[in-house]
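This report refers to the structure that appears directly beneath it.
Throughout, protein chains are lettered first and strands after them, A, B, ... in sequence-line order, and every chain is numbered starting at 1.
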Amino acid sequence: MTAVAVESHAPRPGDVRRPRRSPRWAEFPLAMGMLAPSAVILGVFILYPLGRAVWLGQQRCNTFGDVCRSNGFDQYVDLFRSVEFQNALVVTAKFALLTVPLGLALGVGLAVLADKYLRGLGVFRAIFSSTVATSVAVASLMWLFLLQPSVGALANVDFFNALFPSVKDPGWLQDPGTALTAVAMSSVWANLGFTFILVTAGLQSIPKDLHEAAAVDGAGGVRRFWSVTVPMLGPTLLFVLIVLTTRAFQTYGEIDLLTDGGPKPQDSTTTITYFVYGQNSPIRSDPGLQAGSAVLLFVILLALSALQLRGIGRRIHYGD
Amino acid sequence: MATEPSTAARRPKQANAHALSPARARRHFDQPVGWRLAARYALLVAISAIVLFPVYTTVVAAFKPGDKVFRNPLVPDAFTLDVFSSAWSSGNLAQYLLNSLIVAVVVTTAQVVTSVLSGYAFALLDFPGKNVCFALFVATLLVPLEATLVVNFDTIDSLGWINTYQGLAVPFLATAFGTFLVRQVFMTLPRDLRDAAAIDGVGHLGFLRHVAVPLVRPTLGALALFSFLSSWNQYLWPNLVINEDDRNTVQSGLRLLSKSNLDEPNLVMAGTVIAAIPIAVVLIVFQRQLVRGLTAGAVKG
């Protein structure tokens, strides 16, 4: 088997990697054996559930969720147009608009700020990266303690209370007008370390000559930022943008711990993921509607990523 | 964004200083000086304070006894370790940490092994249907976790794996992301290396174990760290499949601790600190792998 492999390369010594050959069966059993473990897991726990969810999504179940019958694929349209799903969609979109641009701007701003040759830079970098070490639960509980109206930290600081009375009464997480923004703040904070690390790594791969050349040509700091830093960071920024957007649309833990989808009755923080899985969700006991909403989430995310890749990816310079 | 309008004008002087003192630390051409430097430090310190503020209040609260925690939450005017010990015992935290560790270690090991195997098959083997298989693998990257868990819950339930380690770990024993990452790095290995091994009569599995894997160790390290973090930080899945306290992971356990002790923030904060420490330590030890793992790993979020 191996000797054959060598001979088949011999005629084309220049073509070193992955020479195009006609498919051969000799390595087929070995390949199948090596792929099997991954294929089984991915098949059973990703591909099958997706297909099954698409099927379940057109079913309607009784109140106990144990007897379901087919309701036709129109159910997706009905579900999408339902008041509850529309609310979740709007909340999720608002949440993304609150977290993604701010998170991106903060990450880039801090990374640029901490990219100069300064003494003690390592300390600042460590601090800005530190939130990457917090899990959703840890970060959310820290912010829950900050924001709780009676027992929380901010509510018991006098000058902060004088400045923002609403932090004590009714509490930012309890006021339908501010709840989503408050959750968004905690989420931006939790994601800051991730964005900072990625953008810092991106900055370090920009050749210093480019900045020096631009400076020689008379470009000031602002001009260099927009004409050198941003274009050279293009791929990193697109990457971070897509990840942050995806995360915003998948937000669950923050909502579960901070607001439980409330305040009621507006459901002001019921995101799509919380709508599917949350304890206070109206579709909690209906597997058909849950699966349907999960499929809609998948389709929306796919469309968004494609849009971002096509809209922005096209204008990005990937270097050579 | 601080601006440096006079950079061009300053430049000759700096180039000069640079030439005169080559032994001293070289100054970057747009390194801020004077009040600009002071302003930049002030800004960095102020932002650091804001970023650290939630951590600070958490730690202060965790060391305060119950009757002091509501007064002066910003000042560490009382100190006790009692809250930690009661969080440790009443919160069942040791069990949660152990559960998370077991699941994360199993998931990490399995993900590295399955990724190496399938990544090797895609990079160095040739077989019919390879492109179709690869396309299917990559397609799974597009499916968000949340879209599959409704059905996965039923699957785990019908296997009788609710409240078990299998239930927590098995759905995550392989990832297309890992396969893809390992395939990419295996494809950079020179083909001659494999050919030389083949001439010496080394089969694919021997080559994989003794040549290929040792050569790509840094990538596998990054993958391992990423897998460990993703597993440890799982929030939604443990909440779905675990309802027995002894099987909670750190994340679902913290949720329980918080929901059942809403009026005792110092207890919850102590639990939060305990839960945060292991990952902080892991990240400090493995910070080199982190950047690599995040850069590659963020593909899947």
Side-chain angles (χ1 to χ4, degrees), chain A residues 2 5-6 9 16-17 21 23-24 27-28 30-31 34-35 37-38 41-42 45-46 49-50 52-53 116-117 124 127-128 133-138 141-143 145-146 151 153 156-157 197-198 201 212 215 218 220-222 225 243 246-247 250 252-253 273 277 290-291 294 297-298 301-302, chain B residues 1-5 7-8 28-29 31 44 48 51-52 54 57-58 70 73-74 114 117-118 120-121 125-128 140 142-144 146-148 150-152 171 173-174 176 179 191 195 198-199 204 233 235-236 251 254-255 258 265 268-269 272 275-276 279-280 283 291 294-295 298 301:
Chain A
T2 44
V6 174
H9 289 294
V16 280
R17 198 175 303 144
R21 289 170 289 172
R24 291 178 313 110
E27 291 173 342
F28 186 76
L30 178 63
M34 294 177 94
L35 290 180
S38 299
I41 297 290
L42 297 180
F45 292 105
I46 297 184
L50 185 66
R52 173 103 181 121
K116 302 281 169 164
Y117 292 69
F124 294 116
I127 291 173
F128 297 155
T134 59
S135 67
V136 174
V138 167
L141 289 184
M142 286 179 173
W143 279 80
F145 175 56
L146 271 185
V151 296
N156 289 301
V157 177
I197 290 175
L198 280 184
E212 296 197 353
V222 174
F225 174 75
V243 174
T246 311
R247 282 190 186 180
Q250 294 174 325
Y252 176 83
T273 314
Y277 295 101
Q290 281 184 303
L297 173 69
F298 165 59
L301 269 178
L302 206 59
Chain B
M1 234 49 55
T3 65
E4 271 117 316
T7 310
H28 190 54
F29 78 97
Q31 182 176 358
L44 284 170
S48 298
V51 171
L52 287 180
T57 50
T58 298
F70 306 122
L74 302 186
T114 55
L117 288 175
S118 50
Y120 187 90
L125 298 184
D126 196 13
F127 54 93
T140 64
L142 300 173
V143 184
E146 288 75 11
T148 60
V150 176
V151 179
N152 281 352
L173 294 185
T179 301
R191 187 83 206 190
D195 293 346
I199 290 170
H204 277 290
N233 289 342
Y235 182 84
L236 179 51
Q251 315 301 338
L254 268 187
R255 176 182 191 277
S258 159
V268 180
M269 288 306 101
T272 305
I279 285 301
L283 285 183
V291 176
L294 281 187
T295 320

**Report entry** Close side-chain approach of B/His204 and A/Met34, heavy atoms under 4.5 Å
**Finding:** no

Query raised in the report: With side chains defined as the heavy atoms from C-beta onward, is the minimum distance between A/Ile41 and B/Thr114 less than 4.5 Å?
Result: no

Report summary line: Here the gap from A/Thr246 atom OG1 to B/Leu142 atom CG, rounded to the nearest 0.5 Å, amounts to 10.5 Å

Query raised in the report: Taking A/Glu27 for the side chain and B/Asp126 for the main chain, is one N or O donor matched with an acceptor at less than 3.5 Å?
Result: yes

Query - Nearest-0.5 Å distance, CZ of residue A/Phe124 to CG of residue B/Leu44 - result: 5.0 Å

Query - Choice from B/Ser118, B/Ala121, B/Pro54 maximising heavy atom contacts with chain A below 4.5 Å - result: B/Pro54

**Report entry** Segment of A/Leu141 engaging chain B (4.5 angstrom heavy-atom cut-off)
**Finding:** both

Query raised in the report: Are the side chains of A/Phe145 and B/Val268 in touch, meaning some heavy atoms are under 4.5 Å apart?
Result: no

Query raised in the report: Does a donor on one side chain and an acceptor on the other come within less than 3.5 Å for A/Ser135 and B/Gln251?
Result: yes

Requested in this report: Sequence neighbours left out, what passes ring pair (Phe, Tyr, Trp, His ring centres under 6.0 Å) with A/Phe128? Give chain and number order.
Outcome: A/Phe196

Report task. Can you tell which part of A/Leu302 gets under 4.5 Å to a heavy atom of chain B, answering side chain, backbone, both or neither? Result -> side chain

Requested in this report: Identify which of B/Thr179, B/Ile279, B/Leu254 forms the greatest number of heavy-atom pairs closer than 4.5 Å to chain A.
Outcome: B/Leu254

Query raised in the report: Which residues satisfy the side-chain contact (heavy atoms from CB on, under 4.5 Å) test with B/Ala276, sequence neighbours excluded?
Result: A/Val138

Query raised in the report: Between B/Val151 and A/Phe45, is any pair of side-chain heavy atoms under 4.5 Å apart?
Result: no

Query raised in the report: A/Phe298, A/Tyr277, A/Trp143: which one forms the most heavy-atom pairs within less than 4.5 Å of chain B?
Result: A/Tyr277

Query - Contacting region of A/Ser38 [heavy-atom separation from chain B under 4.5 Å] - result: both

Requested in this report: Look at B/Thr148, B/Thr58, B/Asn152 and state which one has the largest set of heavy-atom pairs under 4.5 Å with chain A.
Outcome: B/Asn152

Query - Most chain A-contacting option - heavy-atom pairs closer than 4.5 Å, from B/Pro265, B/Ala275, B/Ala280, B/Ala176 - result: B/Pro265

Query - Value rounded to 0.5 Å, distance of CD1 in A/Ile197 from CG in B/Leu283 - result: 8.0 Å

